[in-house]
Chemist: 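Here you go, one structure.
Residue numbers run from 1 in the order of the sequence given.
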Amino acid sequence: MQHPLQPEGEQETGFDPLHNLNRNLSCGGSLDSSTLSESTFLSYRKEWDDLFLNSNYLTRIRQAGINGRLRSSRFRSVCWKLYLEVLPEDKSQWINKTKELRSQYEKIKETHITNPRKAAGQQDLVVNNPLSLDEGSLWNKFFQDNELRGMIKQDVMRTFPEMRYFQEEDVRTKLTDILFCYARENEQLLYKQGMHELLAPIVFVLHCDHQAFQHASETAHPSEEMMSLLNPMFQEHDAYAMFSQLMETAEPWFSSFQREGKEEMLTSMPFARPQDLGPSVAIVTKVNRIQDQLVKKHDVELHMHVNRLEIAPQIYGIRWVRLLFGREFPLQDLLVVWDALFADSITLDLVDYVFVAMLLYIRDALIASNFQTCLGLLMHYPPIGDIHTLLRKALFLRDPKNNPRPANYQFQQNLDYYKTRGADLVNSTRDNDRNNHTLAKTAPLNINKVSSSLLSFGRKLIAPAMSGGVASVISPINSEIRSAPSPLTAAPQAEPLSSGHAPLQTHSQSQHQPLLKSESMPVYLSQGEVIGSTELEGKATKGGVARATGGCCYRDQ
């Protein structure tokens, strides 16, 4: 059975099938399945010993990760756990730590993934019923959770669409549950688009190692450590632990908060959903520093060219960094890149220099190209023949004294494809801007007309009650949507009603009640928050049309 990540024709680590085949035939023997199975387990055990038996094993496996020697390893997930500090360096603690983390995830899952129908001891039907809006209602929480899960699952469904493994319903459920539990455990950050692309490779690496473990265990009894760390029953638990540790470093790149130590200050756009918020201060600062300092240091000409074309690093760099280059390389190469990033440091410092090395790889094509072609190259990064060369370049850029200068490499390919891709991106952006501009341009005229007519109509209805001085205990029309003058009109205000008085609600008013909920009137979203017509117009120009629905405002995708 071949390792899922092992290319065609590539030998297993520590095992040469062709050598064993020739040796058996030369001795006049025949292929014995039990002999091959035993050899497979021996090679499996030998790889484990080579990686983890030495006293300075952690230094050795870090070098293996940085130098690309884990490409077809059957213990990559164990190495990643050590790199990410999911497992301690002391091997005697591995089993207990693993059990502890899995137990923690079980409790987290029990806490956040609940079914109100099966909840025991919930007898208060006034609070716990499907129509209850009480904050303590399990049903209310259930419906809120469903909304979050739906948003996560929408992204999970698009994860690695070319790979059959990620189309399996069981795998999609695991990804959704892990991301949902992480969001509920981190309420300030919640779930952000892109997190699923950090989790998916972790789940896949665990799957590959579990497959290899099951195959090797068929004919021999593995050690207690192997059985504990590589138990396929706990793939979801282990993936959650690894993802949570990775997010300890990556969190600021997704956060919509400005960090000051442990304190977080909200700098996000109001009324937007969490996944729609703009990039955080941390990620913008990072990509700006890479382009303005590191790129300038290593290639002044390239730095001047991208600045002259006004290509901001946020255009392409935020995706590169947030996803750890997940969309720029095929999965096998991506895992080699992650080997090096994780092995180098849990702080992922090497990310900055991989970023620069990628720009230098296509620097000649960038310098020779206009804005559209450069955009195509950066947003559709060209394939790299040898990913190890790129990593060696990154290491050399960071520390030229302790890393040899790699061979020169340059991208050579027809640029017409990238010119077309860049033109498509530019045209798509222009179409969006044009549509948003049209909405912003036409909306004020309609709102102004509706607002003026509504105000006039409202004054006519209120006038009889005011002149007659009739007091009424009937609630005003649409008490949640309070009338106010449009900021676009200068018509005088009617005198406010004295306290305890309200306009009479007539049949004519009831007929026109829906009109008072038009977008010309301010909409109260929550206590102390109001958004009027001009604010709605402003929302329509930034990434989507803002709508007021059911007491909340959100953006169309």
Chemist: Looking at CZ of F243 and CD1 of I178, how far apart are the two atoms once the value is rounded to the nearest 0.5 Å?
Modeler: 8.5 Å
Chemist: Does NZ or CZ of K286 fall inside the cone over F355's six-membered ring, less than 6.0 Å from its centre and within 45° of the axis?
Modeler: no
Chemist: Are any side-chain N or O atoms of D333 and backbone N or O atoms of F329, one a donor and one an acceptor, separated by less than 3.5 Å?
Modeler: no
Chemist: Any donor-acceptor pair under 3.5 Å linking the side chain of Q314 with the backbone of I283?
Modeler: no
Chemist: Would you check if there is a donor-acceptor pair between the side chains of Q93 and N96 at a distance under 3.5 Å?
Modeler: no
Chemist: Taking S255 for its side chain and E251 for its backbone only, find out whether a donor-acceptor pair lies under 3.5 Å.
Modeler: no
Chemist: Rounded to the nearest 0.5 Å, what separation is found between the CD atom of Q104 and the NE2 atom of H237?
Modeler: 11.5 Å
Chemist: Can a salt bridge be assigned to the pair E197 and R322 using a cut-off of 4.0 Å between side-chain N and carboxylate O?
Modeler: no
Chemist: Look at the aromatic rings of Y381 and Y361 and report parallel, tilted or perpendicular, splitting at 30° and 60°.
Modeler: tilted
Chemist: Report the distance from atom CE of M226 to atom OG of S217, rounding to the nearest 0.5 Å.
Modeler: 8.5 Å
Chemist: Measure the OH-CZ distance between Y191 and R149 for me, rounded to the nearest 0.5 Å.
Modeler: 12.5 Å
Chemist: Looking at K192 and D155, is any side-chain nitrogen of the basic one under 4.0 Å from a carboxylate oxygen of the acidic one?
Modeler: no
Chemist: Is the NZ or CZ atom of R172 both under 6.0 Å from the centre of the six-membered ring of F166 and within 45° of that ring's axis?
Modeler: no
Chemist: Could you walk me through whether F52 and L82 satisfy the side chain to side chain contact (heavy atoms under 4.5 Å, CB included) test, starting with their C-alpha distance in whole Å, then the side-chain angles of each, then the deciding distance to 0.1 Å, before giving a yes or no?
Modeler: CA-CA 11 Å; F52 308 118; L82 289 161; 3.8 Å; yes
Chemist: Salt bridge check, R60 against D50: does any charged N sit closer than 4.0 Å to a carboxylate O?
Modeler: no
Chemist: One pair to check against side-chain hydrogen bond (donor to acceptor under 3.5 Å, both in side chains): E47 and S73. What are the steps and the verdict?
Modeler: CA-CA 8 Å; E47 184 186 352; S73 172; 2.8 Å; yes
Chemist: Applying the side-chain contact (heavy atoms from CB on, under 4.5 Å) test to Q235, which of I202, L206, V171 qualifies?
Modeler: L206
Chemist: Is D339 salt-bridged to R76, cutoff N-O under 4.0 Å?
Modeler: yes
Chemist: Would you confirm whether N67, through its side chain, and R69, through its main-chain N or O, come within 3.5 Å as a donor-acceptor pair?
Modeler: no
Chemist: For K81, does its backbone N or O pair with a side-chain atom of E85 as donor and acceptor, under 3.5 Å?
Modeler: no
Chemist: Check whether the side chains of N370 and T373 place a donor and an acceptor atom closer than 3.5 Å, and report yes or no.
Modeler: yes
Chemist: Between Y316 and E328, is there a side-chain donor-acceptor contact under 3.5 Å, judged purely by atom types and distance?
Modeler: no
Chemist: So, taking the atom named CZ in F180 and the one named CG in L190, what distance separates them when rounded to the nearest 0.5 Å?
Modeler: 10.0 Å
Chemist: Could you tell me if D299 and H303 have a donor-acceptor pair between their side chains, going purely by distance under 3.5 Å?
Modeler: no
Chemist: Once you round to the nearest 0.5 Å, how far does CZ of F342 lie from OG1 of T249?
Modeler: 9.5 Å
Chemist: Within the side chain of Q245, is there an N or O that forms a donor-acceptor pair under 3.5 Å with the backbone of L84?
Modeler: yes
Chemist: Please test Y165 against V203 for side chain to side chain contact (heavy atoms under 4.5 Å, CB included), starting from the C-alpha separation and ending with a verdict.
Modeler: CA-CA 10 Å; Y165 175 72; V203 171; 3.6 Å; yes
